[in-house]
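So that the names make sense, note that chain A is the first sequence line, chain B the second, and so on, each numbered from 1. None of these values were measured; they are calculated from a predicted model. Note that these values count all heavy atoms, side chains included, but never hydrogens, waters or copies made by symmetry.
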2 protein chains.
Amino acid sequence: MSKQVSTLKEVALPAVTTSARMAGEERRLQILRVAMRLFAHSGFRGTTTKKIAQAAGVSEAMVFRHFATKDELYDAILDQKACDGGMGDPRVFLDDAIKRRDDRAVFETLALRMMLHHEQDTEFLRLLTHSALEGHQFSEMFWERVVTDLYEFLGGYVRERQRDGAFRNIDPVVIVRAFAGMVIHHSLNNTLWDKKRRLLDITDEQAARAFTGILLSGISEKAEARATRGRRAHQSTRRVSSRNK
Amino acid sequence: MSKQVSTLKEVALPAVTTSARMAGEERRLQILRVAMRLFAHSGFRGTTTKKIAQAAGVSEAMVFRHFATKDELYDAILDQKACDGGMGDPRVFLDDAIKRRDDRAVFETLALRMMLHHEQDTEFLRLLTHSALEGHQFSEMFWERVVTDLYEFLGGYVRERQRDGAFRNIDPVVIVRAFAGMVIHHSLNNTLWDKKRRLLDITDEQAARAFTGILLSGISEKAEARATRGRRAHQSTRRVSSRNK
DNA sequence: TTGCAAAGTAAGTGCTTACTTACCATCGCT
DNA sequence: AGCGATGGTAAGTAAGCACTTACTTTGCAA
């Protein structure tokens with residue numbers, strides 16, 4: 001590594017050309033959206049109120065008319081993100097699959113929902129990670145509310161299926177961690193590390209199917225469950241995304 | 001969520017009480033160590049030169065005597081971390097297991113090595129994540145050098161074992177991603193999100209064994225490979241770490 | 001048409017930041 | 001003893017920060 005390496009990239013986000021005067025609420029929302037983008041990119045400390053104002057095409061004073069402090073603005077953004085919940089309630093959109101005891105559907109739709117959410121709202125993962133690093137309440141709240149809940153819920157399902165004799169007797173929490181690990185790590189890779197997808201370029205559907213396949217084969221009690229499906233789910237999906245070229 | 005939530009935690013790192021005059025190189029290393037801790041905690045922008053100086057028990061001017069700029073100090077730290085490589089060369093410490101075609105040993109020792117490294121050098125993951133979020137060269141370099149290399153190496157092994165007929169025909173890159181996901185996500189959880197291990201408290205050995213078990217059963221061609229081992233590797237390891245109480 | 005509330009700004013305020021300057025203190029060597 | 005190299009500091013500086021003040025413009029209802 002050479003000297004003088006660090007040059008934090010400047011994102012010249014083009015000032016939104018909303019020339020005219022805006023209604024109060026409209027301007028408020030616009031500032032919120034703009035600030036969200038900036039906070040997601042540079043974190044709390046890396047984003048100045050001046051930049052926010054410039055990106056919104058107003059003076060700094062306008063920012064402070066709508067939000068008393070920078071903290072308040074940040075919290076307003078996180079509030080919004082927290083209300084989104086993330087991707088909807090798993091208890092709802094997995095209800096059907098769970099009743100049918102369709103393990104593949106349970107894990108695959110969950111994986112897909114998570115990855116799609118992470119992909120369409122890339123700011124979310126960035127805000128969350130920044131928050132976790134900075135020790136901000138948001139990440140703690142998200143953990144306690146969303147993550148804990150998911151572990152409990154999915155862990156419960158796994159436990160049931162173990163009682164059914166369908167899954168091997170592995171600590172359900174470990175299974176959930178393994179599954180979440182594959183999915184979230186993949187999303188984190190795509191939004192943070194390997195945006196160009198140079199190492200692995202597959203669609204979310206392919207990823208969801210592959211991860212689910214590995215996990216289910218990995219925890220299933222019966223060998224039969226493995227052979228049925230998940231056999232043709234791949235064969236060099238690498239660098240052949242439906243999205244690219 | 002209530003208003004005015006954000007209060008970035010202040011870490012009152014006690015000033016290192018090294019009263020006396022120090023030799024140049026000694027002081028330099030001390031500042032480096034102290035700064036590493038602070039940068040890992042608060043990132044580049046969140047760490048002031050004043051705090052570094054205070055934590056090292058010297059005046060700010062001393063910091064700038066040893067490092068011309070804050071950037072140079074940061075780079076010096078990342079240089080050191082990068083030279084550590086991370087955890088040693090997998091091609092070396094996996095050599096034996098690979099020659100024996102001992103899949104379990106290959107994945108388990110790799111997982112363990114990674115997790116132990118992450119645990120004993122928690123600053124590493126934090127620095128890396130901060131760097132990735134801030135778009136710093138360090139993360140890119142790490143990606144290109146270490147990560148890409150690991151994918152290639154481990155992917156190569158997987159491909160061989162597929163030719164042997166031992167593994168199912170899944171894209172090797174996907175398999176590596178799934179494996180890395182479980183391991184890294186678990187480490188990230190322990191160092192960033194759930195430091196108290198409230199959700200899952202197992203030793204690195206247990207985690208390595210469990211993840212390897214799931215992965216290998218998940219990708220093995222033969223049903224026999226599954227039953228042999230990995231059967232008794234757990235049964236509610238939750239909340240019973242050898243380290244706690 | 002006018003009046004007035006709300007949208008908007010220019011130019012600050014005081015504090016913090018990275019970094020500097022000009023000076024003192026102490027160690028080790030002859 | 002004494003002196004130069006080196007460890008160390010107090011007190012800056014200019015730029016940048018979050019936030020304020022005092023003021024101007026504009027849409028629109030009566």
Side-chain angles (χ1 to χ4, degrees), chain A residues 3-8 10-12 15-32 34-35 38-39 42-77 134 136, chain B residues 3-8 10-12 15-35 38-39 41-77 134 136:
Chain A
K3 289 188 176 180
Q4 207 61 22
V5 170
S6 46
T7 24
L8 303 179
E10 283 307 317
V11 246
V16 181
T17 49
T18 41
S19 48
R21 188 184 159 116
M22 268 186 188
E25 193 57 19
E26 196 183 350
R27 179 65 76 190
R28 193 190 139 92
L29 285 172
Q30 192 227 355
I31 292 172
L32 217 81
V34 158
L38 293 173
F39 279 132
S42 311
F44 183 74
R45 290 191 247 236
T47 304
T48 66
T49 51
K50 194 178 178 180
K51 275 191 212 156
I52 294 171
Q54 278 173 348
V58 289
S59 70
E60 248 181 297
M62 274 310 288
V63 174
F64 285 101
R65 168 149 305 167
H66 289 287
F67 305 93
T69 63
K70 192 184 164 189
D71 275 290
E72 197 183 299
L73 171 55
Y74 192 53
D75 291 340
I77 287 167
E134 284 170 338
H136 190 277
Chain B
K3 290 189 175 181
Q4 207 61 23
V5 169
S6 47
T7 24
L8 301 180
E10 282 308 315
V11 246
V16 181
T17 48
T18 42
S19 48
R21 192 182 154 118
M22 265 185 187
E25 195 57 21
E26 195 181 351
R27 178 66 73 189
R28 192 190 139 92
L29 285 171
Q30 193 225 355
I31 292 172
L32 217 81
R33 274 196 308 273
V34 158
L38 292 174
F39 279 132
H41 188 278
S42 311
F44 182 75
R45 288 191 247 240
T47 304
T48 66
T49 52
K50 194 178 179 181
K51 275 192 212 156
I52 294 171
Q54 279 174 347
V58 290
S59 69
E60 250 183 293
M62 272 313 288
V63 175
F64 286 101
R65 167 148 305 170
H66 288 286
F67 306 93
T69 64
K70 191 184 164 189
D71 276 291
E72 196 183 300
L73 172 54
Y74 192 55
D75 291 340
I77 288 168
E134 286 169 337
H136 190 277

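- In this structure, A/F67 and A/D75 have side chains that are not in contact, with every pair of non-hydrogen atoms separated by 4.5 Å or more.
- Distance check, rounded to the nearest 0.5 Å: CD of B/Q54 to OG1 of B/T48 gives 7.5 Å.
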key: Footprint string (nucleotides 11-23 of chain D, 5' to 3'): B base within contact, S backbone only, - free, heavy atoms under 4.0 Å   = ------SBBBB--
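- Rounded to an integer number of Å, the gap from CD of B/E25 to P of D/dT6 is 13 Å.
- End-to-end axis angle of the helix from C/dT1-D/dA30 to C/dT30-D/dA1, using five pairs per end and rounding to 10°, comes to 10°.
- For the pair B/M62 CE and C/dT21 P, the computed distance is 17 Å after rounding to whole Å.
- By the side chain to side chain donor-acceptor pair (under 3.5 Å) test, A/T47 pairs with no residue at all, sequence neighbours left out.
- Spacing between atom CG of B/L29 and atom P of D/dG7 amounts to 13 Å, rounded to whole angstrom units.
- Contacts of B/V58 with the nucleic acid, taken as non-hydrogen atoms under 4.0 Å apart, involve only primed sugar atoms and P, OP1 or OP2.
- Of the candidates B/F39, B/F44, B/Y74, B/H136 forms a ring-ring contact (aromatic ring centres under 6.0 Å, His included) with just one, namely B/Y74.
- Rounding to the nearest 0.5 angstrom, the gap separating the OG1 atom in A/T49 from the NZ atom in A/K70 is 7.0 Å.
- Remark: B/R27 is not in phosphate contact with D/dG7, judged by side-chain N or O atoms under 4.0 Å from OP1 or OP2.
- As a whole-Å value, the separation of A/R28 CZ from C/dA6 C1' is 16 Å.
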inquiry  = Test side chain to side chain contact (heavy atoms under 4.5 Å, CB included) on A/I52 and A/L73; report intermediate values, then the result.
reply    = CA-CA 11 Å; A/I52 294 171; A/L73 171 55; 3.8 Å; yes
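- Judged by distance alone, the side chains of B/R27 and B/Q30 do bring a donor and an acceptor atom under 3.5 Å apart.
- You'll find the side chain of A/E72 reaches within 4.5 Å of the side chain of A/T69, heavy atoms only.
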